[in-house]
Amino acid sequence: MGILDRFENGVERVVNNAIAKAFKSELKPLDLSSALRREVDDRAAVVGRDRTVVPNEFTIELATADYDQVESWGAEALADEFANNVTDYAASQRYAFVGPVTVSFSEDSELEAARFRVHSATVRGAVAPASASSAPSARHPLVDIDGQRYILTGPVTVIGRGSEADIIVDDPGVSRRHLEIRVTAEGVVATDMGSTNGLFVEGHQVPAATLLDGNTLTIGRTRILFWTGGEPDLDE
């Protein structure tokens with residue numbers, strides 16, 4: 001633990017105890033980010049060689065006044081910042097997720113000002129942020145979309161511009177539900193979901209294709225790199 005980390009932890013203990021009770025101090029985002037990182041460390045579970053899984057869904061319970069303060073800051077944008085911070089921290093520690101990272105806030109009228117609680121859960125989703133230790137396989141391939149890397153943790157992943165997609169792409173040339181990637185015992189199959197501009201694999205427009213390690217897919221102006229990292233290992 002570095003000097004700055006020790007300082008942050010010490011400040012958090014003070015804020016959450018004496019000062020919070022005596023002076024009703026204002027809640028600081030730094031306090032919450034420190035608590036989220038500690039929750040990640042405390043809940044880390046070793047599930048295999050070089051693979052430690054941590055929670056990916058977090059709820060922060062706040063006192064009524066602090067909950068109102070977070071709402072005034074912009075709860076959704078703040079939650080996204082916390083989720084990004086957790087993702088970056090997990091990558092620095094070589095932790096792995098099994099689903100997308102989300103942070104939400106809830107109100108507890110019994111909490112005193114500047115006091116809070118963090119709850120977390122490990123919830124499997126269709127995709128998870130890829131960390132430095134993420135190793136793709138035939139069962140859990142990896143895709144790189146314009147520099148953002150994801151492990152496909154579910155059997156079916158939908159990529160598109162709409163909010164209902166598992167991976168949302170900010171590209172006007174991409175349909176709301178543009179591409180499906182399905183992991184099967186026979187291989188990983190990419191299928192165009194009736195999009196406007198089609199699916200291209202290695203430069204050729206196709207309705208569907210069985211993907212090979214290292215393939216490049218294109219939807220709209222977005223390039224997707226696909227990796228399995230080796231021989232199929234469907235029994236892992």
Side-chain angles (χ1 to χ4, degrees), residues 55-60 70-71 73-88 90-91 96-106 120-131 134 136-184 187-212 214-228:
N56 58 294
E57 292 193 1
F58 302 86
T59 300
I60 303 175
V70 166
E71 287 291 317
W73 285 335
E76 185 175 349
L78 189 60
D80 288 343
E81 289 298 323
F82 282 133
N84 291 336
N85 182 263
V86 167
T87 301
D88 291 342
F97 300 107
V98 298
V101 178
T102 62
V103 176
S104 61
F105 303 98
S106 66
S120 65
T122 301
V123 181
R124 184 172 294 277
V127 299
S131 68
S134 298
S137 66
R139 185 177 180 183
H140 299 301
L142 183 148
V143 295
D144 182 305
I145 303 179
D146 291 338
Q148 294 292 319
R149 300 167 71 239
Y150 305 88
I151 288 288
L152 307 188
T153 51
V156 178
T157 302
V158 173
I159 302 174
R161 185 168 46 85
S163 59
E164 66 272 24
D166 299 306
I167 300 177
I168 300 173
V169 177
D170 184 15
D171 181 342
V174 172
S175 297
R176 294 185 63 82
R177 290 170 59 87
H178 196 118
L179 168 66
E180 175 191 275
I181 299 179
R182 183 178 294 269
V183 179
T184 74
V188 181
V189 180
T191 303
D192 181 9
M193 302 181 72
S195 67
T196 300
N197 294 320
L199 163 66
F200 295 80
V201 177
E202 298 299 327
H204 302 285
Q205 185 169 6
V206 295
T210 298
L211 300 178
L212 302 175
N215 273 162
T216 299
L217 297 75
T218 305
I219 55 175
R221 296 182 177 180
T222 299
R223 187 177 69 164
I224 302 170
L225 305 179
F226 172 86
W227 289 291
T228 58

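Only a predicted model underlies this, so the values are computations on that prediction, with no experimental measurement involved.
Residues Ile151 and Ala130 share a closest heavy-atom pair of CG1-CB, 4.0 Å. The shortest heavy-atom contact between Val156 and Arg182 is CG2-NH1, 3.2 Å. Heavy-atom minimum distance, Glu57 versus Thr102: CG-OG1, 3.4 Å. When all heavy atoms are compared, the tightest approach of Arg149 to Leu142 is NH2-CD1, 3.3 Å. The shortest non-hydrogen separation linking Ala126 to Thr157 is O-OG1, 3.5 Å. When all heavy atoms of Pro100 and Gly125 are compared, the pair lying nearest together is CD-CA, 4.1 Å.
With hydrogens and angles ignored, the 3.5 Å screen pairs a side-chain donor or acceptor of Asn197 with a backbone N or O of Gly173. A distance-only check finds a donor-acceptor pair linking the side chain of Asp166 to the backbone of Val158 [under 3.5 Å]. His140 contributes a side-chain N or O that, together with a main-chain N or O of Leu152, makes up a donor-acceptor pair within less than 3.5 Å. Formation of a donor-acceptor pair under 3.5 Å by the Asn215 side chain with backbone atoms of Leu212 is found in this model. Looking at Asn56, its side chain never comes within 3.5 Å of a backbone N or O of Phe97 through a donor-acceptor pair. Listed for the Ser175 side chain is a donor-acceptor partner under 3.5 Å among the backbone atoms of Thr196. For Asn84 (side chain) and Asp80 (main-chain N/O), a donor-acceptor pair under 3.5 Å exists by modelled atom type. A side-chain donor-acceptor contact under 3.5 Å links His178 to the backbone of Gly198.
The closest side-chain heavy-atom distance from Val98 to Val123 is not below 4.5 Å. Proximity of Ile159 to Ile224: side-chain heavy atoms (C-beta onward) are separated by under 4.5 Å at one or more points. Within the 4.5 Å cutoff, the side chain of Phe105 has heavy atoms near those of the Phe82 side chain. Using a 4.5 Å heavy-atom threshold, the side chains of Pro129 and Val101 count as touching. With contacts defined as side-chain heavy-atom distances shorter than 4.5 Å, the pair Trp227/Val143 does not qualify. The closest side-chain heavy-atom distance from Thr153 to Arg124 is below 4.5 Å. Counting heavy atoms from C-beta on, the side chains of Ser195 and Arg176 never come closer than 4.5 Å. Considering only heavy atoms from C-beta on, Leu211 comes within 4.5 Å of Leu217 through its side chain.
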Practice task
Before giving the answer on side-chain contact (heavy atoms from CB on, under 4.5 Å), spell out for Val70 and Leu78 the whole-Å C-alpha distance, their side-chain angles and the decisive distance to 0.1 Å.
Solution key: CA-CA 8 Å; Val70 166; Leu78 189 60; 4.0 Å; yes

Problem - Derivation of the side-chain contact (heavy atoms from CB on, under 4.5 Å) call for Thr216 and Arg223 - result: CA-CA 7 Å; Thr216 299; Arg223 187 177 69 164; 3.4 Å; yes

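Expressed to the nearest 0.5 Å, how far CD of Glu76 lies from CD of Glu81 amounts to 12.0 Å. Considering NE2 of His204 and OG1 of Thr218, their distance stands at 11.0 Å, rounded to 0.5 Å.
Between Ile145 and the options Asp171, Ile219, Ile167, a side-chain contact (heavy atoms from CB on, under 4.5 Å) holds for only Ile167.
A salt bridge does not link Arg177 to Glu164: none of the charged side-chain nitrogens sits closer than 4.0 Å to a carboxylate oxygen.
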